[in-house]
Q: 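Would you mind keeping the following structure in view while I ask a few things?
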Amino acid sequence: MRTWGRPSWSRHAVAILALVTLGPSCILDRSGTAASCASEGDCPSGQSCVDGRCVTRPDAGQPDAGELDAGADAGADAGADAGADGGSDAGSDAGSDAGGGFDPASIPGLVLWVRADDLALGPAASWPDRSGRGVGVAAARTPPTVVEASGRRVVRFDASGHFIADPIRWGDGSTVFLVARLERDGRQVVLLHSNDRAAHVILFRQVTTPPTLRLGVAGRGTTPAAPDDDRAHVFAIFDHGPSVDLVIDGALAGTVPTPLDGSTARALGIGGNPAGTLTANVLSGDVAELIVWDAALTEAERSAVTEYLEERWAPIL
């Protein structure tokens, strides 16, 4: 299967060894797993004295007040971190800003970016846009619910409600990334759906045996196999002029021989139809992150985004 410019998209495990020098008053307790202490000064850098033992601070000793974290997330994380992580980012960032420090906003042409760890647990009536363009993203009908899944926050859709993003201009060269999980319930469900008639764009799962996906562009489409393993996957739509590619987990899954029309702004349904009154085929499953560029990303940029998403959402992929 043809891939995006790298021989294998399998994940790589990286082992990191750290050498810690204990201070003169810092002694390992009898279990050998922690160090005794009387005050903060008795503990090595990056640890705090808690109940007489040195324990690693959740932020690994790094200040989170918009300094080092802003460099890794290029300021995009500031809303969720609010200068001190506020407890809301810990569930999905797992205390270490998963994603390797890559910032999608560093690639020009970003027009929409929503991520589940920007939301509080519970029903979500709206979804803040990280792109800097202030795109409104509001729930239609019953708000989906933010839940924890394997240490990451995801937006859970139960077929009763979805999100609709205000019209944005993307096409004539554009790139869309989506991290999502499809519930194994045998239903036909929508992942993404634009509302423009002339250049209708839709990504949905069809009711077939085995299940298939359908990427439709202006009445034409491609129908590859759909993931059916109850795991999240990285879906990408890449418009590079004469055609539009559908890529799943870094591997080319299908091509539609029709480009996207970028002449008009289009609203975008996330997990359902952008016309909120149409209630059929609403998603049952999870969405973790959606990023849209009004630009055809280079092979290197697409690889960087894929690796960022694979690292950030590794526990649910």
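Nothing fancy with the numbering, it's 1 onward along the sequence. The analysis underlying the following values was restricted to heavy atoms, covering all of them including side chains, and did not include hydrogens, waters or symmetry mates.
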Q: Salt-bridged, D229 to R231, with N to O below 4.0 Å?
A: no
Q: The test is side-chain contact (heavy atoms from CB on, under 4.5 Å); show your working for V244 and T222 and say whether it passes.
A: CA-CA 10 Å; V244 179; T222 183; over 6 Å; no
Q: Using side-chain contact (heavy atoms from CB on, under 4.5 Å), reason through V176 and D239 one step at a time and then give a plain yes or no.
A: CA-CA 9 Å; V176 178; D239 171 26; over 6 Å; no
Q: Could you tell me whether the side chain of W313 reaches within less than 4.5 Å of the side chain of E289, counting heavy atoms only?
A: yes
Q: Of all residues at least two apart in sequence or in a different chain, which pass the side-chain hydrogen bond (donor to acceptor under 3.5 Å, both in side chains) check with D129?
A: S131
Q: Can you give the donor-acceptor pairs under 3.5 Å from side chains of residues 184-192 to other protein atoms, not counting sequence neighbours?
A:
unit_1 : atom_1 : unit_2 : atom_2 : d
R184   : NE     : D228   : O      : 3.2
R184   : NE     : D228   : OD1    : 3.3
R184   : NH2    : D228   : O      : 3.3
D185   : OD1    : R187   : N      : 3.2
D185   : OD1    : R205   : NH2    : 2.8
D185   : OD2    : S284   : OG     : 2.5
R187   : NH1    : V282   : O      : 3.1
R187   : NH1    : S284   : OG     : 3.0
R187   : NH2    : V282   : O      : 3.0

Q: Are L309 and F177 side-chain neighbours, meaning at least one heavy-atom pair lies under 4.5 Å?
A: yes
Q: With a 3.5 Å distance limit and no angle check, can you tell me whether R152 reaches the backbone of R312 through a side-chain donor-acceptor pair?
A: yes
Q: Among residues at least two apart in sequence or on other chains, which ones pass ring pair (Phe, Tyr, Trp, His ring centres under 6.0 Å) with F163?
A: W127
Q: Got L268 and W170 here, is their nearest side-chain heavy-atom distance under 4.5 Å?
A: yes
Q: Using the side-chain contact (heavy atoms from CB on, under 4.5 Å) criterion, which residues pair with P128? Sequence neighbours excluded.
A: D118, L119
Q: Between I107 and T175, is the side-chain contact (heavy atoms from CB on, under 4.5 Å) condition met? List the steps.
A: CA-CA 11 Å; I107 301 176; T175 311; over 6 Å; no
Q: Under the rule for ring pair (Phe, Tyr, Trp, His ring centres under 6.0 Å), what residues qualify as partners of W293, not counting sequence neighbours?
A: none
Q: With sequence neighbours excluded, what pairs up with R181 under the salt bridge (charged side-chain N to carboxylate O under 4.0 Å, His left out) test?
A: E183, D230, D286
